[in-house]
Amino acid sequence: MPELAEVAFACSKWDAGLGKKVIGVFTHPTSRVYRDESRDSFVELLYKSTLLSSHTHGKQMLFKFSGNIFIGLHLGMTGKLILGPKNYKQQKHDALVIIQSQNSLVFQDPRQFGRIRIHKEKNLPSWWRNLPPSIIGKNFSSEILESAIYRHKRKPIKALLLDQRYFPGIGNWMADEILWRSMLNPAKLCGKITDSEINKLFNEILFVARGAMKSIGVKGGDPPKTWLFHKRWNNGNLCPKTKTALVRETIGGRTTCWAPAVQS
DNA sequence: ATACCTGTTTCCCG
DNA sequence: CCGGGAAACAGGTA
């Protein structure tokens, strides 16, 4: 599930725990989401602390607890945040369960591609401080897109859009949505992209990112019904705008859905 | 059974 | 050193 707006919506699921004290912590004994951390530090640091605020940046989440404690969380491919009851019953793939008097805050991740970190210090952790400009923030600019394109002339544009150093939050379906709206062939090498195409691409990045936040980010669920999103998951569908054939093939290492008749 | 998967990191090559 | 691509990570689902 988790790209920009889905991450924002997932993050909001723990909102019920804001201002509430932690009365119990469970950490999965083997899950790979703890590859950077000791499980014990989660129990030691979180117990009796209070969840103060939550934030997202692209696909990254930050939860701030009392006592200068920060949790960083990434959902990977199959991670989920769940709001459970106070007597929530542990599931097989629960990586972290934070129990509060009214609710349980659950991070579940069967494939364990997600990641969780913890940090106790006055200032924000460096893994949060050093994130690139958000694609829905003031500091994102066409210069960022342009310089990325100039730097990676031999890379397909689809692969570039997935690079979180430049476009934090864009994932596989958003990249396809953006390229479809930009009428660009996903396999086109960055070196072949013209200035006017860059301009169009920049505007469509903003359109898709903001449109996703307005729909999915707020309500959960799916983006507007006119989007490519709804046609991309299986073979044989038609382009929502032109009714030409959609194809699905691997480009930039990922399954890509596009309309060859209108994307060049 | 077999293939596929909304993500990232690591390793290898040029 | 850098850029680019494939493999690996692991389990659920069709």
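Residue numbers begin at 1 in each chain, while the letters A, B, ... track the order of the sequences.
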Residue pair A:Arg165/A:Gly253 against DNA chain C: nearer the 5' end by closest nucleotide is A:Arg165

Whole Å only: how far is the [atom1] atom of [X] from the [atom2] atom of [N]?
X        : N     : atom1 : atom2 : value
A:Glu249 : B:dC4 : CD    : C1'   : 16 Å
A:Lys59  : B:dT8 : NZ    : P     : 4 Å
A:Ile157 : C:dG5 : CD1   : P     : 13 Å
A:Met77  : B:dT6 : CE    : C1'   : 7 Å
A:Gln60  : B:dT8 : CD    : P     : 8 Å
A:Arg254 : B:dC4 : CZ    : P     : 14 Å
A:Tyr166 : C:dG4 : OH    : P     : 9 Å
A:Gln164 : B:dT8 : CD    : P     : 4 Å

Query raised in the report: Looking across every strand, which nucleic acid part, if any, lies under 4.0 Å from A:Gly171 by heavy atom: base, sugar-phosphate, or nothing?
Result: sugar-phosphate

Item to check | Euclidean distance for C1', C:dG4 against B:dT6 (whole angstrom) | outcome: 23 Å

Quick check on [X]: does its [atom1] atom have over 12 non-hydrogen neighbours (other residues, nucleotides or ligands) under 6.0 Å away?
X        : atom1 : result
A:Lys86  : NZ    : no
A:Lys188 : NZ    : yes
A:Gln102 : CD    : no
A:Met213 : CE    : yes

From the list A:Tyr34, A:Phe70, A:Phe63, ring pair (Phe, Tyr, Trp, His ring centres under 6.0 Å) with A:Phe42 holds only for A:Tyr34

Notebook entry, point to check: Can you find a side chain N or O atom of A:His74 that sits less than 4.0 Å from OP1 or OP2 on B:dT8?
Noted result: yes

Does either side chain, that of A:Asn185 or that of A:Lys158, offer a donor lying less than 3.5 Å from an acceptor on the other one?
no

*asked:* Looking only at side-chain N and O atoms, does A:Trp258 offer a donor or acceptor that is under 3.5 Å from a partner on A:Glu249?
replied: yes

Rounded to the nearest 0.5 angstrom, the CD1-CG distance for A:Ile178 and A:Leu184 is 11.0 Å

query: If we require ring centres under 5.5 Å and near-parallel planes under 30°, does A:Phe113 stack on B:dT8?
result: no

Margin query: So that I know where these two stand, are A:Phe202 and A:Phe140 an aromatic pair - ring centroids less than 6.0 Å apart?
Written below: yes

Practice problem: May I ask you to decide if the ring planes of A:Trp227 and A:Phe207 are parallel, tilted or perpendicular, using 30° and 60° as cut-offs? | Solution: tilted

Read 5' to 3' with Watson-Crick or G-U pairs under 3.5 Å, [ ] for crossing pairs and | for partners on another strand, DNA chain B gives .||||.||||||||

So, with a heavy-atom separation below 4.0 Å from DNA chain C, the residues of residues 144-156 of chain A are A:Arg151, A:His152, A:Lys153, A:Arg154, A:Lys155, A:Pro156

For nucleotides 12-14 of chain C, tabulate all protein N/O to nucleotide N/O atom pairs closer than 3.5 Å, reporting atom names and distance.
| unit_1 | atom_1 | unit_2 | atom_2 | d |
| --- | --- | --- | --- | --- |
| C:dG12 | OP1 | A:His93 | NE2 | 2.6 |

